[in-house]
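Data first, discussion second: the structure below is written as structure tokens.
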Amino acid sequence: MKFPPIDKQLALIERGVAEIVPEDALVEKLRRAEKTGEPLIVKLGCDPSRPDLHLGHSVVLRKLRQFQDIGHQAVLIVGDFTGMIGDPSGRSRERPALSVEETRENGRSYFEQASRILDPERTRIVYNSEWLEKLNFSDVIQLAGKYTVARMLERDDFEKRYKSGEPIGIHEFLYPLAQAQDSVAIRADIELGGTDQKFNLLVGRAVQQSEKMAPQVCIMMPILPGTDGVEKMSKSLDNYIGISESPEEMYGKTLSIPDDLIYQWFELATNVPTEELPAIKAAAKREPRNTKHRLAWTIASMYYGDDAADQARSHFEKTVIRGDVPENMESVRFAMDEGPRMGILDLMTRAGLTGSNGEARRLIAQHAVSIDGEKISDVRMEVDVHVGPSFVIKAGKRRFARILREEEGIS
RNA sequence: GGGCAGGUUGCCGAGUGGUCAAAGGCGGCAGACUGUAAAUCUGCUCCCUCAGGGUUCGGAGGUUCGAAUCCUCCCCUGCCCA
């Protein structure tokens, strides 16, 4: 295996990272790879209980991709073992115990989405139950003996909870150790993660050392702020842009971010050349509107191509700026044994526009519902769902449904 | 094992027998406005056949005309002692 010159590799690796621990060990590892021709093993762990990837995950995945591009070995570890245990404290509903099938299914789904960023041909994917399941209780006690309670409590999250009297399960101490064991099992040279993973990545170093193994280099990426500009991007806070969301959603959601996030997103979430970044920084200040549109376009085009990004832009201009009806939307056709007349509340709920009739009622009261552009105000209104031209119901700003009917006299 | 304090609607958090579908904040949604799906202001925010009805306050029973509020048992959490 032939690698690019080390300074070139370093330049690429260092772009956008928050921290490399320790930096000189990285150079050493790169030298060794050059000498032996053996690619470095670059590890990234993923949580199979949340298989929906968003731009936040993309930051670290794109870093992994860069390692692939210069010839190193990417290893994606699916944490199915911990996923199958779940979280017995019952506190975190985010972590339900999964069955084997579910973890496999989620692992596949994760890999499929990650393949939009990674080179799937050169990605090794492994499930950590493969080795963690084999450990018996005395193995676990030995592993636990490699770290101390005081050091565990150094972790910010543990320390905070401990001080504020929130519960910490013993098993939670074992998770970082399990993750460290993964590094031992695959003999990781490098582990990637967000800055929030620093603690866990460092435990990996400690455990590898006690196994007489060269400790991994930890590379931490900054945390991408979510669309709200405050919290980190996450699904549960609903401030995320999913990797498999439509280009229109990507475009619109990107435009909703606060202006002072524009540059950071360019740096972390896109692959614009490093040389262009300073110019973008200036542009973001000078003309935030245009720069943000460019960001939105760039993101949409990374995942769907230029044409789709163009379309996303015109969709946005049409529906949001001019308030028109979009071209693509859900279409609903009611079966002949229903109706023919249906109450508007029922109709909206059945068409998936609202979660309950009460919500539909409220929206109508707020003048937020229109049929083919006509605002409606009567909650008792009834509509023929079978005969007549198809029509479009709009509920609120962004919810549309087309109701298909049979044109009279045709077919 | 013992003592104490707690578990309230998506979240935080008031409420200690009827005036409670339950204050307030956050979040969410809508309207106005805007370059924007941002910010701001205003309204809404359990469900239904909506001037009415139904189901909620960790779980199961009980007291009462009436319980989120009182009693019993159970489950869960934190603190202190052992």
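What's counted below: heavy atoms across the whole structure, side chains too, no hydrogens, waters or symmetry copies. Every chain is numbered from 1 and lettered A, B, ... according to where its sequence line falls, protein lines coming before strand lines.
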### N or O in side chain of A:Ser356 less than 4.0 angstrom from B:C46 OP1/OP2
no
### Query
Where do A:Arg405 and A:Val385 come nearest, in terms of heavy atoms and distance?
CG-O, 3.5 Å
### Query
Distance only, no hydrogens: is a donor on one side chain within 3.5 Å (strictly under) of an acceptor on the other, for A:Thr349 and A:Asn357?
yes
### Separation between CZ of A:Arg122 and CG of A:Asp119, rounded to the nearest 0.5 Å
4.5 Å
## Note on the structure
When rounded to whole Å, the CD1 to C1' distance for the pair A:Ile364 and B:G43 reads 17 Å
### Query
Can you tell me the Watson-Crick or wobble partner of B:G78, both distances under 3.5 angstrom?
B:C4
### Message
Using a heavy-atom cut-off of 4.0 Å across all strands, would you classify A:Glu317 as base, sugar-phosphate, or nothing?
### Response
nothing
### Task
Please state how far atom CZ in A:Arg341 lies from atom C1' in B:U49, giving the value in whole angstrom units.
18 Å
### Query
When rounded to the nearest Å, what value does the distance between C1' atoms of B:A14 and B:U9 take?
13 Å
### Query
Counting just side-chain N and O atoms, does A:Asn357 come under 4.0 Å of either OP1 or OP2 of B:C47?
no
### Task
Starting at atom CD1 of A:Ile344, determine the distance to atom P of B:U49, rounded to an integer number of angstrom.
14 Å
#### Entry: Position toward the 5' end of RNA chain B (nearest nucleotide), A:Phe316 or A:Ile168
A:Phe316
## Note on the structure
Rounded to whole Å, the NE2-P distance (A:His293 to B:A38) equals 14 Å
### Query
A:Gly107 and A:Ile125: which non-hydrogen atoms are nearest, and at how many Å?
O-CD1, 4.3 Å
### Task
Can you tell me the pairing partner of B:C70 across any strand shown, Watson-Crick or G-U wobble, with both distances under 3.5 angstrom?
B:G62
### Message
Do A:Glu245 and A:His54 pair up side chain to side chain, a donor and an acceptor below 3.5 Å, judged on atom types alone?
### Response
no
### Query
Is there a donor in the side chain of A:Thr195 and an acceptor in the side chain of A:Glu19, or the other way round, less than 3.5 Å apart?
no
## Note on the structure
Separation of B:U77 atom P from A:Ile170 atom CD1, nearest Å, is 12 Å
### Query
When the P atoms of B:G62 and B:G10 are considered, how many whole Å apart are they?
27 Å
### Query
When you check the side-chain N and O atoms of A:Ser109 and A:Glu105, is any donor under 3.5 Å from an acceptor?
no
### Base-pairing assignment for B:G10 (Watson-Crick or G-U wobble, both under 3.5 Å)
B:C26
Kindly list each side-chain donor-acceptor pair under 3.5 angstrom involving residues 140-147 of chain A, sequence neighbours excluded, with atom names and distances?
| residue | atom | partner | partner atom | Å |
| --- | --- | --- | --- | --- |
| A:Lys146 | NZ | A:Glu211 | OE2 | 2.6 |
| A:Tyr147 | OH | A:Arg151 | NH2 | 3.4 |

### Message
Tell me whether the side-chain N/O atoms of A:Arg362 come closer than 4.0 Å to OP1 or OP2 in B:C47.
### Response
yes
### Closest-nucleotide 5' rank along RNA chain B - winner of A:Arg380 and A:Lys292
A:Lys292
### Query
CE of A:Met348 versus C1' of B:A30: gap in Å, rounded?
11 Å
### Task
Indicate for each nucleotide in nucleotides 23-29 of chain B, in 5' to 3' sequence, whether protein heavy atoms under 4.0 Å reach the base (B), only the sugar-phosphate (S), or nothing (-).
------S
### Message
Suppose you measure atom C1' in B:U8 against the same atom in B:A21; what distance do you get, rounded to whole Å?
### Response
12 Å
### Summary
Contact check, residues 254-268 of chain A vs RNA chain B, heavy-atom distance under 4.0 Å, returns A:Leu255, A:Ser256, A:Asp259
### Inter-nucleotide P distance (B:G28, B:U77), Å rounded
31 Å
### Summary
Here the distance between atom P of B:G78 and atom NZ of A:Lys160, to the nearest Å, is 19 Å
### Query
Tell me: CE of A:Met342 to C1' of B:U49, nearest whole Å?
15 Å
### Task
Using modelled atom types only, decide if a donor and an acceptor are shared between the side chain of A:Ser356 and the backbone of A:Glu359 within a distance under 3.5 Å.
yes
### Query
Can you tell which of B:U36, B:U49, B:U45 lies closest to the side chain of A:Ile321?
B:U36
### Task
Could you give the distance separating B:G15 and B:C80 at their C1' atoms, to the nearest angstrom?
28 Å
### Task
Decide whether A:Asp306 and A:Trp297 meet the rule of one side-chain donor and one side-chain acceptor closer than 3.5 Å.
no
### Message
For the P atoms, the ones on B:A32 and on B:G53, what distance do you get once it is rounded to whole angstrom?
### Response
35 Å
### Whole-angstrom distance between B:U55 and B:C50, as gauged at atom C1'
16 Å
### Message
Could you tell me how far B:A23 sits from B:C74 if I compare only their C1' atoms? Round to whole Å.
### Response
32 Å
### Message
Give me the atom names and distance for the closest heavy-atom approach of A:Ser183 to A:Met213.
### Response
O-SD, 4.5 Å
#### Entry: Among B:A30, B:U77, B:U45, the nucleotide that comes nearest once only the side chain of A:Ala368 is considered
B:A30
